[in-house]
Amino acid sequence: MKKSHLKILSQKFLVVAAALLLSQISFAQSDGPLREVYKNNFYIGAALNEENILQKNDASNILLESEFNSITAENVFKWEKIHPSEGEYNFELPDKFVALGEKLNMQMIGHTLIWHQQTPEWVFKNSDGNYKSREELLTLMEEHITTVVGRYKGKINGWDVVNEALNEDGTLKQSEWVKIIGEDYLQKAFEFACQADPNTELYYNDFSLENEPKRNGAIELIKMLRSKGIKIDAVGLQGHYKMDWPTTSQLDSTIKAFAKLGLKVMITELDIDVLPYNNIPVGADISMNVKLREEFNPYPDRLPEENQNMLAERYADLFKVFLVNDESVSRITFWGISDDESWLHDWPIKGRTNYPLLFDHSGKPKPAYYAVKKIPKESK
Ligand code: XIL
């Protein structure tokens, strides 16, 4: 075939592909996109991976612009990415994330300043292999937070200042942060963030706060921070949910318990794992890595209709709870735009096919999407 024929053919292919994509999207918007449907209730956010930030995936670009009004970076603000070695900062992708947010007029969330995961060893140890002293680590923490938050002052609307500080029983995790600095590392992190940008919102973010012991630990933690005059605006419930956990009443009482403290509540990383999890504890401890067995990956090609409908019902039930609590719930962020981008294909078991979001592997809206959009109308 001649080169010119090939060119015409590939152009035709592109036109057909674009038309298909557009018809799919306009179908999705027949009664307004998600962000419109919930505009009087809360922000609708999405976590962006590196490809999304670079706008490499056309289907995701279109969905992001039409359906969402808030963005969180899935990884590029984490310590190991933004500050991989002493004195070295990688601002290229975080800058692009902020530029994209400005271009699309999105609310922007920074995730995350202080965590025990995805933080390199050099942070805690000196080059001789010995642990840093409290003073050394505090100085580094201040430098990191001041540099990162300061760079995006006035642009990033809110920060997950500390991520996952608590154990399941509500006690403080004995992370390197606690071991080296002491329990006041949390207070210091919030103080440094507030100094760097007094107007940005500051959050404590964690998973499985819906379980009572851990929730009570978080309440104590927040009361303690408040008693020291620390500014904290919201609690982030990560929202890495299962089909049967948490119950809607657990979720409702959790939101109400934090709202009672005068805090906003944000669902910061919503997805629903539809795959069997047997003895794996609920939550989102990223260090878990269970061996793949066939029975743990029952839908490698497609999610059966029955399960799609169950997922739609589960999403609808959760959104009913969010909506009832919309005085305190100010944002719902999904951990990814469409299923193909979800981290749940590889966690807590690597190499499965999961279906946790509202848009399928090709970006097409799922029954769950329509179910979520119906809730505000039904509750009127
Ligand atoms: C996950 C990302 O989605 C993955 O790409 C990465 O490999 C590991 O971290 N809780 C959090 C998020 O606060 O930062 C985690 O994100 C998921 C659990």
Side-chain angles (χ1 to χ4, degrees), residues 45-54 56-57 60 64 70-84 90 93-94 97 108-120 123 148 156 158-168 173 175 177 186 189 193 202-211 214 218 221 234-242 245-246 265-273 275 277 280-290 331-357 359:
L48 305 189
N49 63 23
E50 297 187 11
E51 281 210 338
N52 301 145
I53 294 172
L54 297 170
K56 282 192 174 161
N57 179 333
S60 293
L64 176 65
S70 174
I71 52 175
T72 305
E74 187 176 356
N75 285 302
V76 303
F77 284 83
K78 290 175 181 170
W79 196 309
E80 69 177 13
K81 297 277 181 186
I82 203 168
H83 193 177
N90 266 334
L93 284 163
F97 168 87
M108 287 184 254
I109 309 298
H111 173 78
T112 173
L113 296 169
I114 300 296
W115 193 17
H116 58 287
Q117 301 283 8
Q118 296 185 273
T119 303
V123 172
V148 175
I156 298 256
W159 283 94
D160 290 334
V161 179
V162 178
N163 202 30
E164 303 178 359
L166 295 168
N167 290 312
E168 294 310 289
K173 264 185 193 138
S175 66
W177 294 109
L186 282 125
L202 306 178
Y203 316 137
Y204 174 70
N205 193 50
D206 210 334
F207 59 82
S208 59
L209 296 176
E210 295 79 0
N211 294 342
K214 195 164 177 180
L221 182 71
V235 164
L237 308 180
Q238 289 187 1
H240 294 295
Y241 293 148
K242 315 284 180 195
W245 176 89
V265 178
M266 296 166 181
I267 312 300
T268 54
E269 309 182 12
L270 184 59
D271 48 25
I272 300 175
D273 189 343
L275 301 180
Y277 62 100
I280 302 164
V282 296
D285 179 352
I286 71 161
S287 64
M288 271 194 302
N289 184 4
V290 180
R331 170 169 60 96
I332 313 285
T333 293
F334 292 86
W335 208 236
I337 297 174
S338 55
D339 282 347
D340 60 324
E341 295 164 339
S342 171
W343 73 303
L344 290 179
H345 305 301
D346 290 316
W347 182 90
I349 301 177
K350 276 207 171 65
R352 299 194 296 175
T353 308
N354 216 328
Y355 305 83
L357 298 165
F359 300 97

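All ligand and atom numbering here is 1-based and tracks the order in the structure.
Counting non-hydrogen atoms of neighbouring residues, nucleotides and ligands closer than 6.0 angstrom, the NZ atom of K350 reaches no more than 12 such neighbours.
Judged by distance alone, the side chains of T268 and N205 do bring a donor and an acceptor atom under 3.5 Å apart. For W343 and D271, the side-chain atoms include at least one donor-acceptor pair closer than 3.5 Å.
Within the set K78, E74, H240, the minimum heavy-atom distance to atom 15 (C) of ligand 1 is found for K78. With atom 7 (O) of ligand 1 as the reference point, the heavy atom nearest to it among Q118, H111, Q238, E341 is part of Q118.
Here K78 contributes atom NZ and Q117 contributes atom CD; the two are 9.0 Å apart, rounded to the nearest 0.5 Å.
Ligand 1 has at least one atom lying under 4.0 Å from a heavy atom of E164. The shortest separation from a heavy atom of F207 to ligand 1 is not under 4.0 Å, leaving the residue out of contact. Within the structure, ligand 1 lacks W347 among the residues with a heavy atom less than 4.0 angstrom away.
Among all non-hydrogen protein atoms, the one lying nearest atom 12 (C) of ligand 1 is E269 OE1, 3.4 Å. Nearest protein heavy-atom neighbour of atom 6 (C) of ligand 1: N75 OD1, 3.5 Å.
Close contacts between ligand 1 and I286 involve ligand atoms 17 (C), 18 (C) [criterion: under 4.0 Å to a heavy atom].
The backbone N or O of V282 lies less than 3.5 Å from no partner atom in the side chain of K242, so there is not a single donor-acceptor pair. Between the side chain of H240 and the backbone N or O of E269, at least one donor-acceptor pair lies under 3.5 Å.
Aromatic ring orientation, W159 versus F77: perpendicular (interplanar angle above 60°, classes split at 30° and 60°).
Neither the backbone nor the side chain of D160 comes within 4.0 Å of ligand 1, counting heavy atoms alone.
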